[in-house]
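The structure appears right after this line, and notes come after that.
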There are 2 protein chains.
Amino acid sequence: MIDFKKILKEHGIPLSLQRIKILEYLHNFKTHPTADMIYQALIEEMPMLSKTTVYNTLKTFTEKGILTALSIFENEVRYEYNTVPHIHFKCVKCNKIYDISKTYDCLKNEELEGHKVLEHHINLKGICKSCRDSEE
Amino acid sequence: MIDFKKILKEHGIPLSLQRIKILEYLHNFKTHPTADMIYQALIEEMPMLSKTTVYNTLKTFTEKGILTALSIFENEVRYEYNTVPHIHFKCVKCNKIYDISKTYDCLKNEELEGHKVLEHHINLKGICKSCRDSEE
DNA sequence: TATCAATTTATAGCGATTACAAACTTGGAA
DNA sequence: TTCCAAGTTTGTAATCGCTATAAATTGATA
Ligand SMILES: [Mn+2]
Ligand SMILES: [Mn+2]
Ligand SMILES: [Zn+2]
Ligand SMILES: [Zn+2]
């Protein structure tokens, strides 16, 4: 049983029921959900939950380093609980996002043309295995 | 002097004054502008220009392969005139986007875990040379 | 130059996100 | 345990980037 209260405290985030539930959801469902997807899932058991709270909480968590915000799709931000580094593959047919565990040693650069690199975001696009198989 | 009319014709795009001006702007200013930035720049000399035209034109150009649409930032699409392949670095301090000419041979994979890879999008984030220098 | 399809414009509308202020929780002091 | 101030949540309105629509305009062709 993971102690989500402890995780929040360790990141200097004051506790609230909403924050615990949102963190729990992102830890349990690694589906790169949008703010709205999280809201729709949690409104079941928390009928008074406000969408503003979801947005505020995701912003706080991202700033404090618990989550990563992804801009894989145009026009919407998706979130994921920080785990081991990985890259993303988006299928242009079914729109699913796959985690790819492959790591690229060639991207380990800390410095490029004088710029200090803090984050690498690698987004691949193409046709996923499942869609290729069902093509014929 | 570049013949923008010829470029449009070669891509099967019927001519219009607006299309020529937008293409000219994107060719001359390689700053990865948003639709609104292009609109604000062109409204000076074309007071009747509609923002809808800018959006429509950028969509047409992207579909015809003259431009590339980038989702580097959250919540807004940026455009660039197609040139040689390169990757992008976003400074988290000044928000500028830099072109990085480095190519990664390690990303040349055509297939990953059964998925067919068609595009690679590599976005780096960090602190740019200019901001580092001015830090002290 | 006349025709007419394609393009542009102005306007309204939409989905994702943010701003704001009142009501409510939370954590700590008394 | 009770009380309080600070921080959080909520509901609403507003904003931002973008799209839909239909009337007005343009431009390719004859
Ligand atoms: Mn992931
Ligand atoms: Mn570029
Ligand atoms: Zn697929
Ligand atoms: Zn900078």
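Lettering follows sequence order; numbering is per chain, from 1.
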Run the salt-bridge test on [X] and [Y] with the 4.0 Å N-O cut-off and return the result as yes or no.
X	Y	value
Lys5(B)	Glu24(B)	no
Glu111(B)	Lys129(A)	no
Asp36(A)	Lys51(A)	yes

Other ILVMFWY residues reachable from Met1(B) by side-chain steps of under 4.5 Å: none

Arg19(A) or Lys59(B), whichever maps to the more 5' nucleotide of DNA chain D: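 Going by which nucleotide is closer to the 5' end, it is Arg19(A).
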
With His32(A) as reference, evaluate Arg78(A), Lys90(A), His88(A) under the side chain to side chain donor-acceptor pair (under 3.5 Å) test and give the passing residue. His88(A)

Contact list for DNA chain D against residues 31-58 of chain B - heavy-atom distance below 4.0 Å: Thr52(B), Tyr55(B)

Where the side chain of Pro14(B) is concerned, which of dA6(C), dG27(C), dG7(D) is the nearest nucleotide?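 Closest of the options to the side chain of Pro14(B): dA6(C).
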
Among dG7(D), dT9(D), dG27(C), which nucleotide has an atom closest to any side-chain atom of Gln18(A)?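 My answer, after comparing the listed nucleotides, is dT9(D).
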
To the nearest Å, give me how far apart CZ (Phe61(B)) and P (dT7(C)) are. 11 Å

Figure out the CZ/P separation between Arg78(B) and dC18(D), and round it to whole Å. 10 Å

Are there over 12 heavy-atom neighbours, none belonging to Glu44(B), within less than 6.0 Å of that residue's CD?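 No, because the 6.0 Å sphere around CD of Glu44(B) holds 12 heavy atoms or fewer from other groups.
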
